[in-house]
Amino acid sequence: MSNLGILAVAAMAVAGQMSLPASDDQSAFSDRYKKMGTIQAQVGEATYRLIVPYDILHNRPHAEQRMIFGSVLTISVLAHVYGADGTPERPMLQITLQQSGDTMELVSAELLDGHGYAAPLVMGGDGGQGDVVSFSLDENVVTGRIEGDFLRLEGHLPDRSVADGATPLPSRLDLKIALPPLD
């Protein structure tokens, strides 16, 4: 292989690593956090391995299940990539699921990346379409897959709208998270 070929392969390897900005290894973050679960997110051409943390210092899970009005199960999750110093960074992904009859449905998923809070990628709500294609909750461990399209929005609620030139990004979110038990 020529030097140019070696450089091309090395560049592809580096680019591939750049699309995987975080490790799901427990050692990837500081002693302040422990891992509750992971989300593998394929968003367009980018792949993210996000960690759902439990903040030991503040005794705060970043994923929970709640019964609303005593009969509607809602699951909320916040996952992050982790920086070299072991603390949460962007991108971060927020997902809300809600039970409808016997099925779990996506309320919304928001990916906050380098564009900031005023320009999230959104699936559900006012963003792109998304569906829960598989879901199980067994002994407080949720596993599932969400598929759909993220769409870039701009502005802050309640005045958010689709960003100029935004195109849907085909996406797949694979979740495995140990939730605290219901209160």
Side-chain angles (χ1 to χ4, degrees), residues 10-65 75-97 106-125 127-128 130 132-135 140-154 156-157 160 163 166-180:
M12 287 187 287
V14 169
Q17 290 300 315
M18 290 175 73
S19 68
L20 298 171
S23 169
D24 60 4
D25 180 12
Q26 176 72 40
S27 65
F29 47 92
S30 74
D31 291 340
R32 177 176 166 177
Y33 303 98
K34 70 178 184 177
K35 181 171 70 173
M36 297 176 65
T38 59
I39 298 175
Q40 177 89 8
Q42 179 71 39
V43 181
E45 296 295 319
T47 299
Y48 304 103
R49 290 188 317 246
L50 300 124
I51 298 171
V52 180
Y54 181 89
D55 186 333
I56 297 167
L57 182 64
H58 293 106
N59 192 28
R60 187 178 71 177
H62 285 222
E64 65 180 2
Q65 56 181 330
I75 296 173
S76 300
V77 177
L78 181 61
H80 306 265
V81 297
Y82 279 74
D85 65 352
T87 60
E89 291 185 356
R90 287 187 192 155
M92 62 183 182
L93 175 65
Q94 174 276 325
I95 299 172
T96 303
L97 304 172
L106 175 69
V107 174
S108 69
E110 291 192 19
L111 181 66
L112 298 171
D113 56 8
H115 293 265
Y117 290 106
L121 287 168
V122 178
M123 184 187 302
V132 177
V133 296
S134 67
F135 179 84
N140 298 315
V141 175
V142 64
T143 56
R145 175 173 286 170
I146 299 166
E147 294 179 353
D149 297 312
F150 275 107
L151 190 59
R152 175 89 52 203
L153 300 183
E154 62 186 4
H156 295 282
L157 288 173
R160 277 200 313 199
T167 58
L169 290 172
S171 301
R172 184 182 77 220
L173 311 174
D174 291 304
L175 302 89
K176 184 167 185 178
I177 305 156
L179 300 170

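All values below come from the heavy atoms of this structure, side chains included, with hydrogens, waters and symmetry mates left out.
Applying the salt bridge (charged side-chain N to carboxylate O under 4.0 Å, His left out) criterion to Asp149, with sequence neighbours excluded, gives no partner residue. For Ala119, the side chain to side chain contact (heavy atoms under 4.5 Å, CB included) partners at least two apart in sequence or on another chain are His115, Arg152. With sequence neighbours excluded, no residue satisfies side-chain hydrogen bond (donor to acceptor under 3.5 Å, both in side chains) with His156. With sequence neighbours excluded, the residues satisfying side-chain hydrogen bond (donor to acceptor under 3.5 Å, both in side chains) with Thr96 are Gln94. In this view, Glu147 satisfies the side-chain hydrogen bond (donor to acceptor under 3.5 Å, both in side chains) rule with no residue, not counting sequence neighbours. With sequence neighbours left out, the side chain to side chain contact (heavy atoms under 4.5 Å, CB included) criterion links Leu179 to Ala63, Gln65, Ile75, Leu137, Val142, Ile177. Scored by the side-chain hydrogen bond (donor to acceptor under 3.5 Å, both in side chains) test, Asp174 finds Arg145, Arg172 as partners (sequence neighbours excluded).
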* To do: Check the pair Val43, Leu111 against side chain to side chain contact (heavy atoms under 4.5 Å, CB included), reporting the backbone distance first and the verdict last.
  => CA-CA 9 Å; Val43 181; Leu111 181 66; 4.1 Å; yes

* **side chain to side chain contact (heavy atoms under 4.5 Å, CB included) between Leu151 and Val122, worked out** => CA-CA 5 Å; Leu151 190 59; Val122 178; 5.9 Å; no

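Atom CD of Glu64 is separated from atom NE2 of His62 by 10.5 Å, given to the nearest 0.5 angstrom. Here the CG atom belonging to Asp113 is positioned 6.0 Å from the OH atom belonging to Tyr48, to the nearest 0.5 angstrom. Note that the NE2 atom of His80 and the CG atom of Leu112 stand 10.0 Å from one another [nearest 0.5 Å].
A heavy-atom distance below 4.5 Å is found between the side chains of Leu106 and Met123. Side-chain contact check for Asp31 versus Ile56: every heavy-atom pair is 4.5 Å or farther apart. Side-chain contact between Leu97 and Val107: absent, with no pair of heavy atoms (C-beta onward) separated by less than 4.5 Å. With a 4.5 Å cut-off on side-chain heavy atoms, Asp55 and Tyr33 count as touching. Inter-residue side-chain proximity for Met36 and Pro53 is flagged as unmet; no heavy-atom pair is nearer than 4.5 Å. You'll find the side chain of Val52 stays beyond 4.5 Å of the side chain of Leu175, heavy atoms only. No side-chain heavy atom of Leu121 sits under 4.5 Å from any side-chain heavy atom of Glu110.
Of the possible polar contacts, one joining the Gln42 side chain to the Gly44 backbone as a donor-acceptor pair under 3.5 Å is found.
Of all heavy-atom pairs spanning Phe150 and Ala109, the tightest one is CE2-O, 3.5 Å.
Checking each of Val81, Leu50, Leu78 against Leu93 for a side chain to side chain contact (heavy atoms under 4.5 Å, CB included) leaves exactly one that passes, namely Leu50.
Stacking of Arg90 on the aromatic ring of Tyr117 is recorded, both the 6.0 Å distance cut-off and the 45° axial limit being met.
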